[in-house]
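Worksheet: the structure to be examined is printed underneath.
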Amino acid sequence: QVQLVESGGGLVQPGGSLRLSCVASGSIFSIRDMGWYRQAPGKEREFVASITVDAHITNYGRTNYRDSVKGRCTISRDVNTVYLQMDSLKPEDTAVYFCNAGAYQSPMRVDYWGKGTLVTVSS
């Protein structure tokens, strides 16, 4: 069991910045990667960024970003917290941002989700 709690969302003007945080608790030793997804109204949840957090994995620390946020977002981690620094925000970044943790039970991946934090980019 993994619990995820997001924070840091809010209202920001276009071109502004926000830093999202996600604190993981519970069986965090089982987490292989963590990341951020977002969901805008009427849209499916989409991948934003991820980072490998299991030191036993060869690609430990590797990050991935969707193309539309590359150069504007940075994902990082500190112990049991994952951050998403977002700069040069655009109205199309408006969405509920969900923290995700991927764990493994045998070879099967199990995903855990936070409740989400709303990011609104508007003038």
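The model shown is predicted, which means the values in this text are computed figures rather than measured ones.
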Measure across Ala49 and Tyr65 and return the closest heavy-atom pair with its distance rounded to 0.1 Å. CB-CD2, 3.6 Å
Does Val53 share a hydrophobic cluster with Ile28, counting links as ILVMFWY side-chain heavy atoms below 4.5 Å and allowing steps through other members? yes
Shortest non-hydrogen contact between Leu20 and Gly9, atoms and distance: CD2-N, 3.6 Å
Would you say Arg62 has more than 12 foreign heavy atoms packed within less than 6.0 Å of its CZ? no
To the nearest 0.5 Å, atom OG of Ser25 lies from atom CD of Gln3 at 4.5 Å
Tightest non-hydrogen contact, residues Gln13 and Ser123, listed as OE1-O, 3.7 Å
So which heavy atom on Val2 is nearest to which on Ser30, and how close? CG2-OG, 4.3 Å
Please report the interatomic distance CG(Leu11) to CG(Leu118), rounded to the nearest 0.5 Å. 9.0 Å
Closest heavy-atom pair, Gly116 versus Val96, reported as atoms and distance to 0.1 Å, is CA-CG1, 3.8 Å
CD (Glu44) with more than 12 external heavy atoms under 6.0 Å: no
Tell me if the aromatic rings of Trp36 and Phe47 count as close, with their centers under 6.0 Å from one another. no
Which atom of Ile31 lies closest to which atom of Ala24, heavy atoms considered: CD1-CB, 4.2 Å
What I want to find out is whether Asp93 reaches Lys90 closely enough, with some N-O distance under 4.0 Å, to be called a salt bridge. no
Do Tyr104 and Arg32 have a side chain donor and acceptor closer than 3.5 Å? no
Side chains of Arg66 and Glu46: does their closest heavy-atom pair fall under 4.5 Å? yes
Should Leu89 and Tyr37 be counted in the same cluster of Ile, Leu, Val, Met, Phe, Trp and Tyr side chains packed under 4.5 Å apart? no
So does Gln85 get a backbone contact from the side chain of Arg19, meaning a donor-acceptor N/O pair under 3.5 Å? no
Does any part of the side chain of Ile75, heavy atoms only, come nearer than 4.5 Å to the side chain of Tyr83, both counted from C-beta? no
Within the 4.5 Å heavy-atom criterion, are Met34 and Cys22 side-chain neighbours or not? yes
What's the spacing between Phe98 CZ and Asp111 CG if we round to 0.5 Å? 13.5 Å
Judged by atom type as modelled, is there a donor-acceptor pair below 3.5 Å linking the side chain of Thr94 to the main-chain atoms of Thr120? no
Does any non-hydrogen side-chain atom of Leu84 lie less than 4.5 Å from one of Val48? yes
Would a 4.5 Å heavy-atom cut-off, applied to side chains only, mark Asp33 and Asp54 as touching? no
Out of Glu6, Arg38, Gln39, which residue meets the side-chain hydrogen bond (donor to acceptor under 3.5 Å, both in side chains) rule with Tyr97? Arg38
Under 3.5 Å, is there a donor-acceptor pair linking the side chains of Ser17 and Asp87? yes
When rounded to the nearest 0.5 angstrom, what is the spacing between CG in Asn100 and CG in Leu4? 7.5 Å
Less than 4.5 Å apart, any side-chain heavy atom of Tyr60 and any of Thr58? no
Just wondering, do Pro91 and Pro14 contact through their side chains at under 4.5 Å, heavy atoms? yes
